[in-house]
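One structure below.
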Amino acid sequence: MVHRLESLVIRHALRLPAPAGPAGEGDIAARQFDAALMSVGFKLSADALRRLSGLSEGTVVDTAVRTLDTVREMAGDHVRHNVYFIDFPANVPDTFEFWMRCVTEALEDRRARPGIIAQLRTGVVNLLTLPSYGNYRHTYEEMLAAHDELTAAVGDRLTVLHLGGSLDDEVTALYLALAGSTTPLGDEHLADLAVLAGHCADGPQPETIPVRENRAVVNEARMKAGSGLLLDTVTDVLRLACALSGGDVSLQEPTRFHKLSRPVRRALLAGLDQVVARSPAKLADVLGHREAFKRLGERLHPHEYPQWPRAAEVFAVARGEKKAYTFDARVEALLGAGDVTGAAELLRSAPGKLFRALDRLLRTAATQEERDAVVAAVEQVAPEVSGRVVLSVREYLHNRAEETGRRRVFINRAGRAHVADDTRQAVPEADRKRLIGALDAEIGRRLPAPERLLVDPDVLDVALPLSGRATTAGLGVLPRGSVSPVDGELLRFFVYWKQARRVTDYDLSAVLLDADYDTVSWLSYTNLREVEGEHSGDITDAPEGASEFIDLRLGAVRGTYIVPQVLIYSGEKFEEAEESFFGFMLREAAQKGQPFEARTVRMKSELRGPGRVALPLAFRRAEDGSWRAKWLHLYLKGHPAYNRVEGNQVTVATLLRGIVEREQLTIRYLTGLMANGGTDVATWDAEAVPDVPVTYIGLERPEGLHPDSVVITPENLRDLIPE
């Protein structure tokens, strides 16, 4: 458990919990530890190196072993990355010539020959039936021997691990940060919160847990620890029951409830009874999840517990035996009668619902008087709406400009996306601008006002993390919509997967588009070589894990966009595989090295979403010739099997256009509001580190900052979202 908790702190905060152990002369072991970290793109901060040097050698070695395991996994270096073509990217054959070679080898194979001849007579040969196609023809060690050592370059990634406090202090701080997050967490971070909550159930707790999914995870840990539950809606109880059954606490997917013990049933029924006793109107919440409550009632047996009659009412509503009138029904009745002013007035009592219904209200309004009433209601209740919702509506209004021919991009909580024409009636520009001004003022009022704010320019175009589901777990990952610079001569994509139970074939591909989003070229198993680069070869079975790579020489790319994608050709879904991840590396042309070198990895993200085509990010060439990455974190439905890059080029191009044309709120937006509010905002200068506390925002924590400084990096960007 200690190792796991240390790993969580390192992955989430890039902090090394201060090792506990006897004093000694560990300086040699500490320097060796630092060198080993640098070989995979990490490094100890000066304070961490100093602390380790004063501990015993055994303590340093134990710390090094655990930490190296963690950072190697973060960078994707914990597995063996082999390639089909042993000396990739050199000597990648022409695709057709390669296929003909595989056919020739099959004809020379006595067992395979009859079947191949039969296929040749039909005019169609299945590549998967060729013995030499799709499987490694050499060992991992033989592949390593075919490559020179990597030449170090100034541009190689170097992620600093800073010295933290004691393990207990770091774990508590991480727990409070995740549990108290103002934005929803992704599935991976929710799983981490569950581990932390189990360890911290009896310790300090956040003042509030605003996100319901987080509360469900914390409640599960509190129930197991015998602590009081945090419940204020009947849906809180339903989410807790889902957590106890290993189901979806977001309630997006149905949960198969397990048999519950008598103490758990009593706790859940008592919780329901207390919620309804405090506010009988909460019974209306049952209607939004009626089937789930029916299934839960079958497990709780409320008729056996007459001491909690209000809990029984919950299930009576779910079965339709008791009426419950919802707030939403009253709003719908007013809108159905054309009373927009009355609907806006009613929605003042539910500020969050008012904000979510804003666009519909403005489009439904028949007169300027009605629109003025809607805008006035928004201005009045804005202080009562969560910061995340205010920012989301502000971003929405920014992209709701009165233009024709725009495309709407729909992205659900799981990252599945589709695009449609925007056929909605326009929002009058005057109303849109008035609302934007009001929301800007409200957000600016809530932001902190540090005396001095230092900002790394590279972080300015990072999108605000309005939802943890708009990103994925991994190294160097930024929220969906973020834009970041790409510096290097060679761009190399990689995918790794390991099947769990059945033969699984993932295909790494990249499509190149011009400025009009038309296809210029692509690299895939059907097109191994192009002017721009090479594909490492198709692997079709991964019982021990498999990797595929694509090299692109950025200076040779024809076109404006590069869109890498991972397609499921056959077998297990991303969420079913034992492990699957994507990433990219940047190298200089002269660096050479193995196909996978951890210190050149700029990003590695888990592939765990729905759908059968993953679009992690895209790259765009600017007018000055430089390249920038646009983070997508999207999944397409795809076909049940046999997905190929040639078959979805139109869909990908259409989706990319919609994403590129949409503008997200970024760090630049927030720092602009802070500057307007009187904060001294300055560009970070590594040569002039201040010796007084400051607030710093950047892609990584710099060395030398005053210990009382507030530091915001991608690991804790959620802290920028005001409550």
Side-chain angles (χ1 to χ4, degrees), residues 183 331 335 340-341 343-344 347-348 350-383 385-413 417-444 446 461 463-467 469-470 479-483 517 630-632 634 654-670 672-673 721-722:
T183 61
V331 173
L335 289 175
V340 174
T341 301
L347 284 165
R348 286 178 191 259
K353 290 181 180 292
L354 172 61
F355 268 58
R356 292 180 175 91
L358 177 58
D359 191 275
R360 182 185 178 192
L361 292 171
L362 291 173
R363 285 186 284 113
T364 305
T367 66
Q368 186 59 47
E369 182 180 0
E370 288 180 326
R371 286 192 291 272
D372 288 342
V374 172
V375 174
V378 169
E379 290 174 330
Q380 180 183 2
V381 305
V385 180
S386 73
R388 182 173 69 90
V389 173
V390 174
L391 286 165
S392 296
V393 173
R394 170 62 175 84
E395 180 178 286
Y396 176 82
L397 288 170
H398 178 77
N399 290 281
R400 193 66 167 88
E402 193 170 353
E403 298 178 11
T404 59
R406 292 180 68 92
R407 306 279 285 173
R408 295 185 69 186
V409 179
F410 298 88
I411 305 172
N412 68 13
R413 294 164 62 96
H418 74 276
V419 181
D421 291 327
D422 192 347
T423 59
R424 296 169 300 172
Q425 178 185 343
V427 172
E429 188 65 9
D431 297 322
R432 190 180 74 91
K433 288 184 176 179
R434 180 180 166 188
L435 285 165
I436 286 176
L439 299 185
D440 284 347
E442 177 59 29
I443 296 164
R446 300 190 197 186
D461 292 323
L464 298 180
L466 300 181
S467 172
R469 297 181 181 274
R480 180 184 298 128
S482 297
V483 176
Y517 303 94
K630 179 92 172 186
W631 299 75
L632 304 179
L634 299 177
T654 303
L655 180 61
L656 182 65
R657 182 193 291 269
I659 290 288
V660 168
E661 292 177 353
R662 180 177 177 83
E663 297 181 31
Q664 276 77 17
L665 293 185
T666 62
I667 303 298
R668 188 187 304 276
Y669 165 74
L670 284 191
L673 290 181
I721 308 302

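Small disclaimer: the values here were computed from a predicted structure and weren't measured.
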Exercise for review: Could you walk me through whether R424 and D359 pass the side-chain contact (heavy atoms from CB on, under 4.5 Å) test, one step at a time?
Suggested key: CA-CA 10 Å; R424 296 169 300 172; D359 191 275; 4.1 Å; yes
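- Partners of Q368 according to the side-chain hydrogen bond (donor to acceptor under 3.5 Å, both in side chains) rule, which considers only residues two or more places apart in sequence or in another chain, are R371, D372, D431.
- With a 4.5 Å cut-off on side-chain heavy atoms, P722 and L391 count as touching.
- Taking Y517 as the reference, Y561 meet the ring-ring contact (aromatic ring centres under 6.0 Å, His included) condition, with sequence neighbours excluded.
- The distance from the CZ atom of R480 to the CZ atom of R662 is 10.5 Å, given to the nearest 0.5 Å.
- By the 6.0 Å contact criterion, CZ on R356 is open, its count of non-hydrogen atoms from other residues, nucleotides or ligands being 12 or less.
- For the pair L435/V427, no side-chain contact is recorded, criterion being any heavy-atom separation below 4.5 Å from C-beta on.
- Using a 4.5 Å heavy-atom threshold, the side chains of I659 and K630 count as touching.
- Proximity of S467 to T183: side-chain heavy atoms (C-beta onward) are nowhere separated by under 4.5 Å.
- Under the rule for a side-chain hydrogen bond (donor to acceptor under 3.5 Å, both in side chains), R657 has no partner lying at least two apart in sequence or in another chain.
- Proximity of I721 to P465: side-chain heavy atoms (C-beta onward) are separated by under 4.5 Å at one or more points.
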Exercise for review: Evaluate the side-chain contact (heavy atoms from CB on, under 4.5 Å) criterion for residues H398 and Q664: first the C-alpha distance (whole Å), next the side-chain angles of each, then the deciding distance (0.1 Å), finally the verdict.
Suggested key: CA-CA 9 Å; H398 178 77; Q664 276 77 17; over 6 Å; no
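- Pairing each heavy atom of L466 with each of S392, the nearest pair is CD1-OG, 3.6 Å.
- Put simply, the side chain of E663 does not reach to within 4.5 Å of the side chain of E395, judged on heavy atoms.
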Point to revise | Steps toward side-chain contact (heavy atoms from CB on, under 4.5 Å) verdict (L361, L347) | key: CA-CA 11 Å; L361 292 171; L347 284 165; 3.8 Å; yes
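- Side-chain N or O atoms of E442 include none that pairs as donor or acceptor with a backbone N or O of A438 at under 3.5 Å.
- Looking at R432, its side chain does come within 3.5 Å of a backbone N or O of L397 through a donor-acceptor pair.
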Practice item. Quick one: do V483 and T666 satisfy side-chain contact (heavy atoms from CB on, under 4.5 Å)? Show the steps, please. Key: CA-CA 9 Å; V483 176; T666 62; over 6 Å; no
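- Between Y396 and L358, the closest side-chain pair of non-hydrogen atoms is not below 4.5 Å.
- When side chains are defined from C-beta on, R394 counts as touching D440, because their heavy atoms get closer than 4.5 Å.
- Shown here for A463 and S482, the closest heavy-atom pair between the two residues is N-OG, 2.8 Å.
- Across every non-hydrogen atom of A382 and V390, the tightest pair is O-CG2, 4.2 Å.
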